Amino acid sequence: MLSTDLLAFYRRVSQQPLTVVDVETTGHRASGGCRVIEVSVLQATLADGIQHQQTHLVNPQVHVPEMITRFTGIDQAMVDQAPLAEEVWHQYVPLLQTGVLTAHNLAFDYAFLRAEFDYLNIVFSRSPEDQLCTVILARLMLPDLPSRSLPNLVQHFKFPVGHSHRAEADTIACWLLAERLLTEVQNESDEALLPRFAQQWLPLGDAATILGCSGKQARSRLEKAGVSPRLVGRHKTPMYQRGTVERVFLEQAEPTQLSWL
């Protein structure tokens with residue numbers, strides 16, 4: 001999406017109820033057999049604040065690795081005493097099917113939600129228009145911060161939340177972040193927000209999406225336009241500034257491509 005489309009999307013989302021979710025899991029890959037061991041869901045609106053929250057430990061009847069216990073504080077004894085997954089997840093179906101599904105790194109939580117519902121033969125799917133990832137929003141609204149991890153953002157904004165990497169605290173932190181950034185989206189002008197969006201650094205894949213071509217073609221088009229990437233991290237990942245990529249798109253676009261803007 002171009003910045004103007006993103007702004008319209010976030011302004012629409014800011015007017016809707018949010019369903020904020022966080023899960024703690026036995027590992028990083030939902031497709032690799034890892035399971036959810038804690039879930040929290042919070043429902044809120046910018047107008048009225050938090051209206052409901054519920055949290056459960058979950059007994060998925062699998063081993064909790066020691067590394068996960070060190071990371072979350074959730075040990076095997078805690079989940080062994082918790083309700084079984086099928087008892088917990090049926091309670092969350094109505095909640096998770098309403099509002100804009102919101103999480104910090106939503107792709108992670110969404111994959112685990114779908115996997116858990118798959119175990120119960122429940123179809124769970126939310127459209128992209130009803131999803132909000134606060135990592136993506138933070139990258140757009142806070143381009144100058146060195147990190148957009150949730151613990152670092154909690155520290156940056158001094159949000160009054162509990163221990164990170166527990167579902168209830170992380171859900172509250174995610175809500176406070178969404179509330180702060182979406183309030184700015186609501187209240188600030190296009191002239192103030194669009195220059196902030198333009199500062200965002202994008203990987204080549206996202207730049208290619210804006211340009212409507214493959215990564216290889218995008219790299220070539222940007223090079224021909226005199227755009228050099230910033231190389232980031234150990235692997236020297238090329239990153240391009242959003243405003244520059246959008247300028248190249250607009251300069252090179254055919255009239256038919258611009259007719260829908």
Side-chain angles (χ1 to χ4, degrees), residues 6-25 36 38-58 72-74 88-110 112-113 116 124 126-145 147-190 192-193 196-197:
L6 288 170
L7 184 53
F9 169 76
Y10 287 120
R11 284 206 168 125
R12 178 181 64 79
V13 165
S14 72
Q15 302 292 331
Q16 297 180 283
L18 302 185
T19 298
V20 187
V21 61
D22 185 80
V23 296
E24 303 301 332
T25 67
V36 172
E38 188 175 47
V39 57
S40 185
V41 170
L42 176 157
Q43 294 179 306
T45 66
L46 262 61
D48 301 316
I50 297 173
Q51 298 161 321
H52 174 77
Q53 183 172 21
Q54 65 186 59
T55 306
H56 281 86
L57 285 168
V58 184
T72 65
I74 301 171
V88 172
W89 287 111
H90 284 287
Q91 301 179 43
Y92 284 85
V93 173
L95 294 175
L96 292 167
Q97 289 178 334
T98 61
V100 176
L101 188 66
T102 304
H104 201 71
N105 189 12
L106 177 60
F108 176 88
D109 298 84
Y110 188 55
F112 272 96
L113 292 175
E116 291 294 333
F124 177 74
R126 301 299 309 274
S127 71
E129 292 77 20
D130 292 323
Q131 297 182 32
L132 170 63
C133 176
T134 52
V135 170
I136 295 173
L137 179 58
R139 288 172 181 161
L140 197 63
M141 293 288 288
L142 306 165
D144 295 328
L145 287 187
S147 169
R148 264 78 57 171
S149 74
L150 195 56
N152 285 339
L153 288 168
V154 166
Q155 186 175 11
H156 176 78
F157 289 116
K158 297 180 170 55
F159 290 146
V161 298
H163 177 64
S164 293
H165 308 304
R166 289 299 300 267
E168 183 172 306
D170 284 357
T171 305
I172 294 171
C174 181
W175 154 246
L176 292 172
L177 178 64
E179 179 187 39
R180 184 184 184 96
L181 297 182
L182 290 177
T183 298
E184 291 183 23
V185 167
Q186 275 190 349
N187 296 334
E188 293 192 17
S189 67
D190 292 13
L193 290 169
R196 285 172 69 177
F197 287 15

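All heavy atoms count here, side chains included; hydrogens, waters and symmetry mates do not. Everything quoted here is computed from the prediction, not taken from an experiment.
Remark: side-chain polar atoms of Arg139 are not paired, donor with acceptor, to backbone N or O of Arg148 under 3.5 angstrom. Looking only at distances, a side-chain donor or acceptor of Thr19 sits under 3.5 Å from a matching main-chain atom of Thr98. Checked by atom type and distance alone, the side chain of Thr134 never pairs as donor or acceptor with a backbone atom of Leu137 at under 3.5 Å. Gln131 contributes a side-chain N or O that, together with a main-chain N or O of Arg126, makes up a donor-acceptor pair within less than 3.5 Å. Looking only at distances, a side-chain donor or acceptor of Asp109 sits under 3.5 Å from a matching main-chain atom of Val23. In this structure, Asp170 contributes its side chain and His165 its backbone to a donor-acceptor pair below 3.5 Å. The main-chain N or O of Ala169 is never found under 3.5 Å from a side-chain atom of Thr171 such that the two would form a donor-acceptor pair.
For the pair Arg196 and Asp144, the salt-bridge criterion is not met [side-chain N within less than 4.0 Å of a carboxylate O].
A donor-acceptor pair shorter than 3.5 Å cannot be found between the side chains of Thr72 and Glu38. A donor-acceptor pair shorter than 3.5 Å cannot be found between the side chains of Arg11 and Gln15. Under the 3.5 Å distance criterion, with hydrogens and angles disregarded, no donor-acceptor pair is assigned to the side chains of Gln54 and His56.
Taken to the nearest 0.5 Å, the CE atom of Met141 stands 5.5 Å off from the CG atom of Leu181. Here the CD atom belonging to Glu116 is positioned 9.5 Å from the OG1 atom belonging to Thr25, to the nearest 0.5 angstrom. In this structure, OH in Tyr10 is found 14.5 Å from CD in Gln186, a value given to the nearest 0.5 Å. Separation of atoms NE2 (His156) and CG (Leu177) is listed at 10.0 Å; rounding is to 0.5 Å. Going from atom CZ of Arg180 over to atom CG of Leu153 covers 10.5 Å, rounded to the nearest 0.5 Å. In this structure, CG on Leu96 lies 8.5 Å from CD on Gln43, to the nearest 0.5 angstrom.
A heavy-atom distance below 4.5 Å is found between the side chains of Ser40 and Gln53. Side-chain contact between Val39 and Phe112 is absent, with no heavy atoms from C-beta onward closer than 4.5 Å.
Between Gln91 and Pro94, the shortest heavy-atom distance links the atoms O-CD, 3.7 Å. Taking every heavy atom of both residues into account, Leu18 and Ala178 meet most closely at CD1-CB, 4.0 Å. Among all heavy-atom pairs drawn from Leu46 and Ser14, the shortest one is CD2-O, 3.9 Å.
The aromatic rings of Phe159 and Phe157 lie parallel to each other, with less than 30° between the two planes, well short of the 60° mark.
Within a 6.0 Å radius of CD in Gln155, other residues, nucleotides and ligands contribute 12 heavy atoms or fewer.
Listed by chain and number, the residues in a salt bridge (charged side-chain N to carboxylate O under 4.0 Å, His left out) with Glu24 amount to none (sequence neighbours excluded).
Applying side chain to side chain contact (heavy atoms under 4.5 Å, CB included) to Leu42 and the options Ile50, Leu95, Thr55 leaves one that passes, Ile50.
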